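The figures here come from the full heavy-atom set of this structure, side chains too, leaving out hydrogens, waters and symmetry mates. So that the names make sense, note that chain A is the first sequence line, chain B the second, and so on, each numbered from 1. Source: prediction; values computed, not measured.
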Number of protein chains: 2
Amino acid sequence: MRAGGESGSTIQSVDRALTVLRLLARHGELGVTEIAAKLKVHKSTAFRLVTTLELHDLVEQHSERGKYRLGVGVLQLAGATTAKLDLVQRAKPVSQRLAEVVGETVNITVLSGHEALYVDQVAGSAALQLHNWVGQRIPLHATSNGKVLLASLSEVRFDELTSGTLKRFTDKTITDRAELRAQVDEVRQRGYAVAIDELEIGLTAIAAPISSADGTVVGSISASGPGFRITPDHVPDVAARVVAAGREVSRRLGWHGH
Amino acid sequence: MRAGGESGSTIQSVDRALTVLRLLARHGELGVTEIAAKLKVHKSTAFRLVTTLELHDLVEQHSERGKYRLGVGVLQLAGATTAKLDLVQRAKPVSQRLAEVVGETVNITVLSGHEALYVDQVAGSAALQLHNWVGQRIPLHATSNGKVLLASLSEVRFDELTSGTLKRFTDKTITDRAELRAQVDEVRQRGYAVAIDELEIGLTAIAAPISSADGTVVGSISASGPGFRITPDHVPDVAARVVAAGREVSRRLGWHGH
DNA sequence: CCATGTGTTGCGTAATACCCAACCCCGTTC
DNA sequence: GAACGGGGTTGGGTATTACGCAACACATGG
């Protein structure tokens with residue numbers, strides 16, 4: 001029987017192994033039997049998968065003959081990826097301080113394809129349940145970060161990246177292109193973007209741009225938290241701090257603007 | 001023919017796929033043909049491997065029909081791993097500041113099995129060629145970090161972890177157990193450890209312990225750089241700063257000692 | 001002590017992933 | 001501008017490879 005694969009050419013066992021990694025990322029710790037159940041394969045198959053992953057330090061088991069979790073090999077790989085994007089490295093201390101002062105979760109995003117890509121996150125002191133966004137992509141039109149990134153684009157690029165239909169997430173999501181363009185213009189004047197309930201009900205976010213040495217916007221920094229904490233009254237104050245943080249990161253990247 | 005596998009049970013294709021990840025971590029960017037050559041497999045095999053990896057966002061190719069590099073999925077996985085070790089999160093700002101002040105590379109290690117495991121690194125401003133140690137394991141007896149970790153152990157644990165022969169790296173490496181024990185005692189009294197040319201000729205490192213809320217040592221922080229910059233004269237000064245940083249991190253972990 | 005739960009290991013089979021070759025697509029060369 | 005070369009990509013047949021099965025070692029607890 002030919003591999004009833006998804007898209008023509010994918011290796012079954014590798015696909016399963018990588019799924020194991022994602023499962024472990026999601027659940028923290030899993031046993032061979034649990035993994036087998038989730039993958040719908042035999043125990044022995046699951047075992048051989050994790051054994052191979054273990055050989056590369058991507059997973060490790062808690063105390064010989066125990067459950068499995070993600071291993072340090074992952075950190076090695078991550079180190080190699082972030083080495084190139086020194087944006088994360090340089091922004092880290094600034095993000096930390098911002099998260100400390102504001103008490104909310106701080107994120108850094110960059111433009112990747114047609115979406116905003118989260119490349120770093122620092123949990124705020126007040127964060128209850130922290131969802132890790134790092135590595136995830138979010139539509140540009142529904143987030144404060146996205147609007148900041150859009151504000152940095154030329155007219156034509158803006159049109160390109162907003163060409164599709166603007167997906168609705170909540171009833172506050174901006175789905176009209178003219179409305180979006182107006183908001184983005186405002187962001188450009190004001191220097192920061194706000195999104196309230198636009199991606200998720202109850203979530204308020206404020207973002208500001210990060211510029212590189214030559215003045216082009218390379219990313220955005222944001223603080224976000226529940227609407228009952230970041231009330232409309234607080235927005236200007238938080239925005240000022242986020243903008244200052246964005247400026248600080250820009251300065252660390254060699255930017256010398258005003 | 002039965003699989004002439006290494007250690008009983010390992011899946012060939014998965015093993016190759018993970019090797020691809022490590023290759024990409026090492027070389028940054030590689031094409032299908034290059035990967036095939038390094039793996040000693042056919043082009044098409046290499047292609048199917050990277051395609052499967054791409055499906056999980058672990059690799060991505062630069063501009064359709066181009067070379068491959070590590071992808072954002074790696075960051076997602078890494079986020080899940082470091083979420084548990086909040087040591088890294090809390091230590092980050094302190095490490096950054098220390099690296100800034102001292103100008104040398106700062107590392108954080110924890111005890112993992114019989115070795116020291118590097119869990120974080122901040123490159124110093126003066127760092128020329130930065131090798132990323134994160135995720136790597138280094139023998140306890142040959143590094144300043146290792147000696148700090150050893151100093152926190154009970155007599156029996158110390159004996160366990162130094163039971164094997166102490167591998168020699170340079171002619172300064174401590175290979176005598178009695179000598180090691182003496183040095184570790186000194187570390188315990190003095191509050192910091194020094195290693196000069198012990199792991200690598202020309203490399204000087206200074207480490208101090210990090211304690212958790214209950215007072216047990218959970219890791220170590222170190223500054224390291226070339227011996228011509230960190231001369232014996234500088235050691236006490238740098239050591240004081242490293243110790244202070246270790247205390248600061250400990251405080252952030254809830255430690256309330258003197 | 002047996003019952004039941006882990007993680008682990010040998011073995012035969014056939015499904016699977018490999019190699020091969022041809023393909024497309026882009027740059028260069030002549 | 002046809003021919004070449006070098007990238008990445010795509011079908012197909014074969015036997016290598018990885019799968020499922022079942023029995024194992026080891027822990028836990030009734």
* **Between C1' of D:dG20 and CD1 of B:Ile11, the distance in whole Å** => 13 Å
* To do: Any pair with a residue in residues 109-119 of chain B that passes salt bridge (Lys or Arg N to Asp or Glu O under 4.0 Å), sequence neighbours left out, goes on the list, sorted by first then second residue, please.
  => none
* Asked: When the C1' atoms of C:dC26 and D:dG11 are considered, how many whole Å apart are they?
  -> 23 Å
* For B:Tyr68, all residues meeting ring pair (Phe, Tyr, Trp, His ring centres under 6.0 Å), sequence neighbours excluded -> none
* Indicate whether the side chain of A:Ser9 and that of B:Arg48 have a donor and an acceptor atom separated by less than 3.5 Å. => no
* Within this structure, what is the CG-to-P distance between A:Leu53 and D:dA18, rounded to whole angstrom? -> 14 Å
* B:Glu60/B:Lys67 ion pair, N-O < 4.0 Å -> no
* Donor-acceptor pair, A:Asp120 side chain versus A:Lys92 backbone, under 3.5 Å? -> no
* Asked: What is the distance, rounded to the nearest whole Å, between atom CD of A:Gln12 and atom P of D:dC19?
  -> 6 Å
* **Protein-nucleotide distance (B:Leu39, atom CG; C:dC18, atom P), rounded to Å** => 10 Å
* Asked: Given axes from five pairs at either end, by how many degrees does the helix from C:dC1-D:dG30 to C:dA14-D:dT17 bend, rounded to 10°?
  -> 10°
* To do: Verify side-chain hydrogen bond (donor to acceptor under 3.5 Å, both in side chains) between B:Thr175 and B:Arg168, making sure each step is shown before the conclusion.
  => CA-CA 6 Å; B:Thr175 55; B:Arg168 173 174 296 285; 3.3 Å; yes
* Structure fact -> From CD of A:Glu60 across to C1' of C:dG7 the rounded distance in Å is 17 Å
Taking distance alone, no hydrogens or angles, what donor-acceptor pairs closer than 3.5 Å link side-chain atoms of residues 143-150 of chain A to residues at least two apart or in another chain?
residue	atom	partner	partner atom	Å
A:Thr143	OG1	A:Gly146	N	2.9
A:Asn145	OD1	A:Ser220	OG	2.6
A:Asn145	ND2	A:Ser222	OG	2.9
A:Lys147	NZ	A:Gln183	OE1	2.9
A:Lys147	NZ	A:Val194	O	2.8
A:Lys147	NZ	A:Glu198	OE1	3.1
A:Lys147	NZ	A:Glu198	OE2	3.3

* Length of the line joining A:Arg69:CZ and C:dG7:P, which is rounded to integer Å -> 15 Å
* **P atoms of D:dT10 and D:dG6, separation to the nearest Å** => 22 Å
* **B:Arg181 with B:Asp159: basic N within carboxylate O range, under 4.0 Å** => yes
Between the protein and nucleotides 6-9 of chain D, which nitrogen or oxygen pairs are less than 3.5 angstrom apart?
residue	atom	partner	partner atom	Å
D:dG7	N2	B:Arg65	NH1	2.9
D:dG8	OP1	B:Val32	N	2.9
D:dG8	OP2	B:Val32	N	3.4
D:dG8	OP2	B:Thr33	N	3.0
D:dG8	OP2	B:Thr33	OG1	2.6
D:dG8	N7	B:Lys43	NZ	3.2
D:dG8	O6	B:Lys43	NZ	2.6
D:dT9	OP2	B:Tyr68	OH	2.7

* To do: Would you kindly check whether a donor in the side chain of A:Arg48 faces an acceptor in the base of C:dG7, or vice versa, at under 3.5 angstrom?
  => no
* Asked: Whole-Å distance between C:dC18 C1' and B:Lys40 NZ?
  -> 17 Å
* **Contacts of B:Thr165 that satisfy side-chain contact (heavy atoms from CB on, under 4.5 Å) - sequence neighbours left out** => none
* Asked: Distance check: side-chain N/O of B:Arg16 vs OP1/OP2 of C:dA17, anything under 4.0 Å?
  -> no
